[in-house]
Every structure is written in C-alpha cells, then in structure tokens.
Amino acid sequence: MHQRAGLGANFRGSCNCIILDMATDPCMGSGHILVYAFDVLMQIYEAAGYTQREAAKSILENNLYGLDIDDRAFQLAYFAVMMKARQYNRRILNGETDCHVYSIQESNHVDKISVEYFCNGDAKLKAAMDTIISELHDAKEYGSILTVTQQDWSALYDRFAEITEDINMSRDAALAELLPLVQVAETLAQKYDIVVTNPPYMGASGMSGKLSFFVKKKYPNTKSDMSTIMMERTLEMCDEHGYVSMINIPVWMFLSSYEKMRNIMLHNNMIINMVHPGRGIFGSDFGTTTFVVSKTRIINYIGQYYRLFDSQGEVHSADERKNAFLSRKGLHTIQQENFAKIPGMPIAYWLHHQIFEMYGNYSTMAEIALPKVGMQTSNNDKYLRLWYEVNFSEFGGSSH
C-alpha cells in the first residue's frame with residue numbers, strides 16, 4: 001500500500017534541496033506523453049545527483065500521474081510507463097513501487113456493505129467515502145473534466161493499509177472497489193505543477209445527453225468541444241504557478257463563440273509560447289496549434305509564436321513542419337496585452353505592430369457611427385427583373 005510523499009521529491013546535489021514538479025496527463029491514451037516526460041525527469045534527477053535506479057523509483061512514486069476513461073488505453077499506458085522505468089531500474093517490477101497511472105472508475109455499483117466495513121464506524125471516513133462515491137458517479141461518462149473535493153487522503157490510505165491484514169470477508173471487495181476510487185479521486189483533486197496532454201476532440205453534437213448537460217452547466221465558455229473544455233479544466237488542475245502544455249485545434253483562437261474564454265485567459269493567464277503548424281501534423285487534419293500557458297499572468301511578457309505555414313489550408317508533413325520550426329520559420333514576438341486591443345480578442349499574433357497600435361489609439365467605426373445599409377430592395381426576386389423578363393415594347397427611347 002502506498003503512502004504519499006508530498007508535492008515533490010527532495011534531491012541531493014549542489015543545492016540544499018530541489019523540488020521536482022508533479023506532472024500529469026489527464027487524457028493519457030496509451031501513455032506516449034508520460035513516457036517522454038519520464039526521460040525528461042530522469043535527466044533532471046541525474047543532474048541533481050541521483051542514480052538512475054533511485055530516480056526511476058522516485059519518478060513513479062512522486063512525479064508522474066495519468067488518467068484515461070478507456071480501460072485498454074490504461075493498460076497500454078501502464079505497461080509503457082513501467083517498461084520505461086524498468087529501463088533504468090531492473091527491480092522496478094517487484095511490486096514495491098506504485099505507478100500513478102489509472103483508469104477512471106465510477107462508483108455506480110459500489111457495495112454498501114464494503115463501504116460500511118471500510119469506514120468501521122468512523123464518521124470522517126464515512127463522510128469522505130460518501131463524497132467520493134457521489135462525485136465519481138457516472139465518472140466514465142465525464143472523465144477528467146470532473147472536479148473532486150479534497151479529502152484527508154492519508155487517513156484513507158492508512159485504513160486501506162490496516163485492512164490488508166484483516167481476514168474479514170469484505171476485505172477483498174473493499175480493496176477491489178474502493179481503493180481504485182480513492183486513487184482516481186486523489187489524482188483528480190490534487191494540483192499539479194505541469195499538465196501536458198493531447199485532449200479528446202468531440203463537438204457538442206457527439207456528446208451524450210448527460211455529458212452535454214454537464215458541460216453546459218460547468219464549462220459554458222468552452223462547451224462547444226471537448227478539446228476546449230480540457231483547456232479550461234487543465235488550468236483548473238494547475239497549482240498557483242503551474243503550466244499547461246497542449247496540442248489542440250486552433251478554433252479557440254479566433255471563433256466568436258470562444259471570445260469569453262479568450263477574455264478570461266488573456267486577463268488571468270499567460271501564453272508563454274506557441275507553435276502553430278497549420279495542417280499536416282495528423283495527416284490531412286483540420287489544423288493544429290501547440291502552446292504552453294502559465295496559470296500566472298506576467299505583465300508585459302513577450303511571447304514567442306511560430307507560424308509554420310504560408311497560406312491557410314496548405315498541408316505539409318510533420319517532418320516538414322519540424323524542419324520549418326528548427327529553421328525558426330515565421331517567428332513572431334508579441335505582448336499578450338495587444339490581443340485585447342482588437343474586438344473579439346483573436347490570438348492574431350502575426351499582425352504587424354502598427355495594426356495593434358491603430359486599434360489601441362483610434363476609435364472603431366462602431367464607437368463613432370452607427371453603420372447602416374444603403375438603398376436595397378430587401379427582396380430581389382420580387383422587385384427586380386432581368387432584362388429578358390421585360391417586354392421590349394415597354395423599353396423607353398428608340399426601338400433600335
């Protein structure tokens with residue numbers, strides 16, 4: 001049974017203490033991002049003086065977290081992460097090291113007898129379990145967009161450790177049913193230094209009735225697509241000074257339906273950098289953009305934005321986009337505050353600085369005049385006739 005080690009791992013090295021970030025992928029799929037993050041974290045540990053064996057164990061226990069609603073994806077991700085850890089530590093598969101990669105579980109069919117046995121008359125444990133069970137109802141439907149209340153996790157894990165030595169008939173059921181719920185609930189409830197993911201892509205038309213009702217209520221500014229809902233959710237999962245890194249479709253950057261979302265982000269968070277590849281990363285896709293957003297806004301920060309395409313709609317391979325980035329193609333630097341100068345706040349990072357100055361220094365047409373439509377029929381089919389529809393004898397002037 002695992003015990004939590006806090007929000008990071010203490011290193012030995014030239015410094016007295018270094019705190020390593022906790023990172024999560026809330027839509028981990030088969031775990032590609034987690035595996036890559038493992039190697040990055042390993043480099044940090046080694047630079048701080050840890051052996052690979054020590055580092056692999058600490059990364060699993062303290063630094064990497066992953067969630068997915070798909071059980072098969074979880075199995076693949078768990079296997080991939082453990083094999084990566086095994087690469088650095090041959091003893092990692094001895095069952096003594098916890099891997100915080102989970103399939104999201106729902107509480108719809110929890111055995112009440114198991115709950116009563118686990119709580120054993122303890123009112124605090126009962127209140128905590130009742131809350132977890134309530135909040136994880138239909139969890140497979142909602143996945144990582146669920147928000148879960150913080151609990152006294154240490155007390156819950158202490159009770160699990162206690163019942164492992166018990167011979168009660170309900171022990172196995174409690175461990176099988178309740179422990180996964182607590183692990184998932186804790187992973188959803190805690191805050192992270194870094195959240196990295198490739199979010200799910202699902203428009204409102206593809207959502208079930210339950211999911212549609214939930215996102216309209218909980219995420220009204222991003223409800224149109226799961227990919228944009230996850231942008232809002234991942235920022236919620238960050239701690240005060242955390243970061244979100246994501247690849248996403250670029251609709252949120254321009255469409256009027258995401259104006260409120262952009263307004264909140266531009267005033268509260270910070271786009272650190274962005275690579276805008278256009279179409280081609282996933283074949284003939286709808287276009288992608290990758291970015292890092294800081295939970296904390298930095299006034300007058302100058303972000304870097306790469307526009308890797310020349311014309312809208314062109315499709316190039318991932319390798320071509322990579323080469324374009326490495327050659328620093330389409331690099332633009334801009335202060336985020338400039339986006340707010342343009343009506344609708346589009347993330348139009350490629351505009352010349354004079355355009356932003358014009359919007360910032362001069363009034364828009366709507367501020368100084370009320371635009372009107374000129375003379376019109378309002379119904380051309382009714383009021384207009386084509387030349388061949390008019391009798392020739394009715395033309396004025398010469399008959400020639």
Side-chain angles (χ1 to χ4, degrees), residues 203-204 215-216 218-225 227-232 234-236 243-244 246 248-279 286-314 328-380 383-384:
V215 299
K216 287 176 182 178
K218 182 73 166 58
Y219 302 101
N221 297 329
T222 54
K223 62 187 178 183
S224 299
D225 197 281
S227 63
T228 48
I229 292 168
M230 282 307 302
M231 288 181 64
E232 187 173 353
T234 50
L235 281 168
E236 291 176 352
Y243 295 87
V244 166
M246 186 181 293
N248 210 331
I249 51 179
V251 292
W252 63 274
M253 298 169 61
F254 315 112
L255 295 187
S256 60
S257 55
Y258 295 110
E259 182 177 343
K260 290 183 179 179
M261 170 203 173
R262 290 193 296 273
N263 184 28
I264 293 171
M265 174 183 287
L266 294 178
H267 285 90
N268 297 293
N269 312 123
M270 190 74 235
I271 302 175
I272 300 298
N273 52 51
M274 176 182 289
V275 178
H276 193 181
R279 297 177 63 188
F286 293 102
T288 56
T289 182
T290 62
F291 49 88
V292 177
V293 175
S294 168
K295 183 75 172 283
T296 303
R297 184 184 175 201
I298 306 170
I299 304 299
N300 297 326
Y301 174 84
I302 299 176
Q304 290 190 331
Y305 299 76
Y306 289 85
R307 185 178 173 92
L308 303 185
F309 56 95
D310 296 313
S311 60
Q312 195 70 35
E314 65 180 24
R328 299 175 71 82
K329 175 184 176 66
L331 173 60
H332 301 266
T333 57
I334 186 174
Q335 291 182 356
Q336 180 172 290
E337 287 78 5
N338 283 323
F339 299 138
K341 296 177 180 178
I342 301 179
M345 302 183 182
I347 312 300
Y349 57 83
W350 61 87
L351 295 180
H352 195 278
H353 67 88
Q354 290 180 340
I355 300 295
F356 293 107
E357 290 178 3
M358 290 172 59
Y359 274 103
N361 296 331
Y362 300 98
S363 299
T364 63
M365 178 68 75
E367 293 173 320
I368 61 176
L370 187 61
K372 295 289 186 179
V373 177
M375 187 171 65
Q376 63 180 12
T377 69
S378 297
N379 189 340
N380 285 355
Y383 295 109
L384 294 185

State the [atom1]-[atom2] distance between [X] and [Y], to the nearest 0.5 angstrom.
X: Leu308; Y: Asp310; atom1: CG; atom2: CG; value: 10.0 Å
X: Met246; Y: Thr288; atom1: CE; atom2: OG1; value: 13.5 Å
X: Ser294; Y: Asn268; atom1: OG; atom2: CG; value: 11.5 Å

Which heavy atom of [X] sits nearest a heavy atom of [Y], and at what distance?
X: Gln335; Y: Ile302; result: CG-CG1, 3.9 Å
X: Gln304; Y: Leu331; result: CB-CD1, 4.0 Å
X: Pro250; Y: Gly287; result: CD-O, 3.4 Å

Applied to residues 259-270, the salt bridge (Lys or Arg N to Asp or Glu O under 4.0 Å) test, sequence neighbours excluded, yields none
Checklist line | Heavy-atom check, side chain of Ile229 versus side chain of Met261, under 4.5 Å | finding: no
Do Met231 and Asn248 come within less than 4.5 Å of each other through their side chains, counting heavy atoms only? yes
Partners meeting side-chain contact (heavy atoms from CB on, under 4.5 Å) with [X] (sequence neighbours left out):
X: Tyr383; result: Thr377, Asn379
X: Ile249; result: Tyr201, Asp225, Ser227, Val251
X: Glu367; result: Ser363, Thr364
X: Asn361; result: Glu357

Got a list of side-chain donor-acceptor pairs under 3.5 Å for residues 336-352, not counting sequence neighbours?
residue: Gln336; atom: OE1; partner: Ile271; partner atom: N; Å: 2.7
residue: Gln336; atom: NE2; partner: Leu266; partner atom: O; Å: 3.0
residue: Gln336; atom: NE2; partner: Asn269; partner atom: O; Å: 2.9
residue: Glu337; atom: OE2; partner: Arg297; partner atom: NH2; Å: 3.2
residue: Glu337; atom: OE2; partner: Asn300; partner atom: N; Å: 3.1
residue: Asn338; atom: OD1; partner: Lys341; partner atom: NZ; Å: 2.9
residue: Tyr349; atom: OH; partner: His276; partner atom: ND1; Å: 2.8
residue: His352; atom: ND1; partner: Gln354; partner atom: N; Å: 3.0

side-chain hydrogen bond (donor to acceptor under 3.5 Å, both in side chains) partners of [X], counting only residues at least two apart:
X: Thr289; value: none
X: Ser256; value: none
X: Thr296; value: His241
X: Tyr258; value: Thr228

- Message: Using the rule given for side-chain contact (heavy atoms from CB on, under 4.5 Å), can you reason through Arg328 versus Tyr306, listing the C-alpha separation, both sets of side-chain angles and the distance that settles it, and then say yes or no?
- Response: CA-CA 7 Å; Arg328 299 175 71 82; Tyr306 289 85; 3.5 Å; yes
Are more than 12 heavy atoms, taken from residues, nucleotides or ligands other than Lys216, located less than 6.0 Å from that residue's NZ atom?
no
Sorted by chain and number, sequence neighbours left out, ring-ring contact (aromatic ring centres under 6.0 Å, His included) with Phe291 holds for Trp252
